[in-house]
Amino acid sequence: LLLEAHYSKDEILTAYANEIFLGQDRGRAVHGFGLASQFYFRRDLKDLSVAQIAMLVGMIKGPSYYDPRGYPERALQRRQVILEVMHAEGVISEGAYRTAKATGLEKKGAEQSGFNRYPDFLELVRRQLGQEYHEDDLTSNGLKILTTLDPQVQMEVERNLRETLPGLEKRRGTSKLEGAVIVSSREGGEILALAGSRDASQVGFNRALDAQRPIGSLIKPLVYLTALANGYTLATPVRDTSFTFSGAGAKAWRPDNYDKKEHGSVPFYEALAHSYNLATVKIGVDVGVEKVVANLKRAGINRDFKPYPSFLLGTAELSPLEVAQLYQLFATGGFYQPQRCISSVLTLENKVVQRYGLTVEQRFAPQEIFLLNTALKRVVTEGTARSLAQYLSPSVGAAGKTGTTDELRDSWFAGFSGNRLAVVWIGRDDNKPTALTGASGAMVVWGRIMQSLHPQPLELIEPEGIEWARLDAGSYSPSADVSRDNVVLPFAPGTMPGGATPASGPSDPGQERKSSPGILDTIRGWFH
């Protein structure tokens with residue numbers, strides 16, 4: 001009675017038509033004729049034929065029983081009943097009735113539907129929508145959701161992950177490898193592709209969103225960024241020598257390098273490029289583990305971590321999506337903006353309800369990020385990721401970081417080119433060793449994906465006040481197993497070491513110097 005008093009019959013019928021259950025898309029229910037139209041026929045409701053409309057109406061009686069994918073004969077018989085009623089009631093003409101009655105069922109429509117083609121990406125869309133909209137708004141109001149998905153990027157991600165993992169298993173004598181990949185635009189934070197498993201059609205545990213695994217050396221850039229903001233430079237000598245850390249009431253901890261060697265006194269940038277654990281822990285303890293943990297929150301990871309020294313080597317467990325958020329901050333020059341998979345929400349009449357992606361906040365000084373990114377480029381040219389040259393030309397100038405956890409359980413790589421940022425994780429669901437380092441596993445997938453996407457070269461924006469200087473090998477103490485030529489490095493204003501020779505710019509002629517734009521110039525660039 002209340003419904004009839006407040007709403008017309010057309011409004012009640014419309015609400016019903018948008019809510020009725022009409023099938024199952026793997027782990028997700030299909031509600032409403034609009035969604036069912038896309039799911040079964042890949043068409044808008046207004047574009048359906050008489051036969052297609054009759055089939056959907058007929059399914060109301062029993063969506064599973066009359067499912068055309070599993071029971072085509074039942075669905076066809078039920079459709080004929082509806083057509084006869086439509087004809088008898090004068091809804092359709094004699095000619096339309098005869099044409100529809102003679103039409104066969106469509107083949108494999110549901111399997112090719114966009115609604116179950118990218119289940120991992122759409123799971124993220126649903127989660128982000130759920131943070132701001134009630135389920136009723138999404139199912140009853142006819143909202144249109146415009147996403148940031150790039151189907152070509154998504155297909156390359158799925159293909160390279162699917163084709164590369166079997167080869168890694170065979171080469172390393174392992175099995176049951178799983179993977180997760182996220183690719184986003186470098187500056188805008190739009191997620192272009194997402195894979196939560198090696199099987200793109202699998203619906204279930206989404207590793208890109210929910211697999212929280214230790215990130216290993218992927219945390220190190222944050223340690224070094226914290227140090228750059230607290231008196232360190234890229235040329236600061238650091239000691240990569242063994243030590244034992246003893247804390248009050250805690251068990252003594254003795255970290256080690258991956259190669260089980262000590263490398264003596266090394267420059268700051270080189271410790272990051274070669275991912276030296278001993279030097280990293282000494283740097284992090286010196287500046288304060290609490291500051292590193294606090295900077296992880298500043299980067300957008302809103303979870304609490306204990307400031308134990310082991311945090312400096314990546315014991316923090318993050319999802320690939322959270323890692324992508326962290327590295328987005330590096331890629332954008334210190335600007336924070338939430339990674340997103342939705343560009344805008346429209347009404348049925350195409351009026352904008354909400355537009356996403358305009359929140360930008362400078363959280364780290366551009367000079368410090370520029371210095372860090374200079375070091376991350378050296379990770380690729382001379383450090384742990386130098387074998388990336390098998391997949392990308394040096395002219396791309398990519399920046400990135402490998403990550404490997406204890407006993408080779410997790411293989412990570414995160415990095416960015418001029419236009420794309422990507423994060424790859426490889427591991428096993430049972431947490432057993434994979435026999436893969438970050439360079440021999442995740443970086444291979446990353447390199448092949450980027451190679452197929454033809455990335456733009458990365459040109460770092462040089463902030464005002466940066467000074468360049470040339471340092472020779474004699475500026476540092478001898479280091480075991482490392483031969484060092486003189487190197488040109490950038491420095492924040494007033495931090496150039498005494499005795500260094502000023503330089504006009506980077507020694508690499510292909511590394512063009514660019515002046516720093518203002519934030520408005522950066523934002524304008526997103527629209528061109």
Side-chain angles (χ1 to χ4, degrees), residues 24-29 115-133 135 138 145 147-149 153-154 157-158 160-162 165 176-184 189-216 218-219 296-297 299-306 311 314-328 338-342 403-406 409-414 421-434 436 438 441-442 445-446 449:
Q24 196 74 21
D25 180 4
R26 290 183 171 88
R28 176 192 181 202
F115 286 92
N116 63 354
R117 191 170 183 179
Y118 308 120
D120 292 335
F121 185 92
L122 289 177
E123 174 62 24
L124 178 59
V125 172
R126 286 191 286 272
R127 292 189 191 187
Q128 292 196 357
L129 285 172
Q131 295 173 3
E132 301 185 31
Y133 295 91
E135 183 68 22
L138 300 174
I145 313 301
T147 76
T148 59
L149 175 72
V153 177
Q154 179 73 31
V157 165
E158 293 176 1
N160 282 285
L161 184 60
R162 180 179 65 251
L165 290 188
K176 298 182 180 179
L177 290 181
E178 269 296 350
V181 181
I182 292 179
V183 178
S184 63
E190 302 98 343
I191 296 176
L192 308 175
L194 184 150
S197 72
R198 64 192 290 173
D199 182 358
S201 63
Q202 178 182 338
V203 177
F205 185 56
N206 192 329
R207 296 163 188 81
L209 308 183
D210 298 322
Q212 295 186 355
R213 305 289 289 244
I215 63 173
L218 291 193
I219 197 65
L296 187 60
K297 276 202 169 185
I301 311 303
N302 294 314
R303 292 199 282 122
D304 294 322
F305 296 96
K306 299 294 184 182
F311 177 88
T315 56
E317 297 182 351
L318 301 181
S319 69
L321 181 63
E322 290 174 313
V323 171
Q325 183 67 69
L326 170 61
Y327 275 73
Q328 187 80 39
Q339 284 218 321
R340 57 194 174 83
C341 60
I342 304 169
T404 311
T405 61
D406 287 347
R409 297 178 188 274
D410 301 275
S411 172
W412 291 89
F413 191 81
L421 179 147
V423 173
V424 176
W425 167 84
I426 293 176
R428 288 178 50 137
D429 289 338
D430 59 10
N431 202 32
K432 290 183 178 179
T434 65
L436 296 169
V445 176
W446 193 96
I449 289 172

Should [X] and [Y] count as side-chain neighbours, where that means a heavy-atom distance under 4.5 Å?
X	Y	result
V323	W425	no
V423	W412	yes
L321	L124	yes
S197	R207	yes
I301	Q325	yes
T148	C341	yes
V125	L149	no

Just wondering, more than 12 heavy atoms not from N431 lying within 6.0 Å of its CG? yes
Could you report the tightest heavy-atom contact between [X] and [Y], atom names first, then the distance?
X	Y	value
A193	V153	CB-CG1, 3.7 Å
V157	A195	CG1-CB, 3.8 Å
L209	R127	CB-NH1, 3.7 Å
P320	A211	CD-O, 3.5 Å
A299	L326	CB-CD1, 3.6 Å

What orientation do W446 and F413 show, parallel under 30°, tilted 30 to 60°, or perpendicular over 60°? perpendicular
Main chain of [Y], side chain of [X]: is a donor-acceptor contact present, judged purely on distance under 3.5 Å?
X	Y	value
T434	G427	no
T405	G216	no
Q154	L194	yes
R162	A200	no
Q339	S184	no

Side-chain ion pair, R340 and E190, N-O less than 4.0 Å: yes
To the nearest 0.5 Å, what is the distance between [atom1] on [X] and [atom2] on [Y]?
X	Y	atom1	atom2	result
I215	D410	CD1	CG	10.5 Å
L318	R303	CG	CZ	5.5 Å
R213	S411	CZ	OG	11.0 Å
L192	I182	CG	CD1	11.0 Å
N206	S319	CG	OG	9.5 Å
E322	N302	CD	CG	9.0 Å

Results of ring pair (Phe, Tyr, Trp, His ring centres under 6.0 Å) for Y327 - residues two or more places apart only: F330
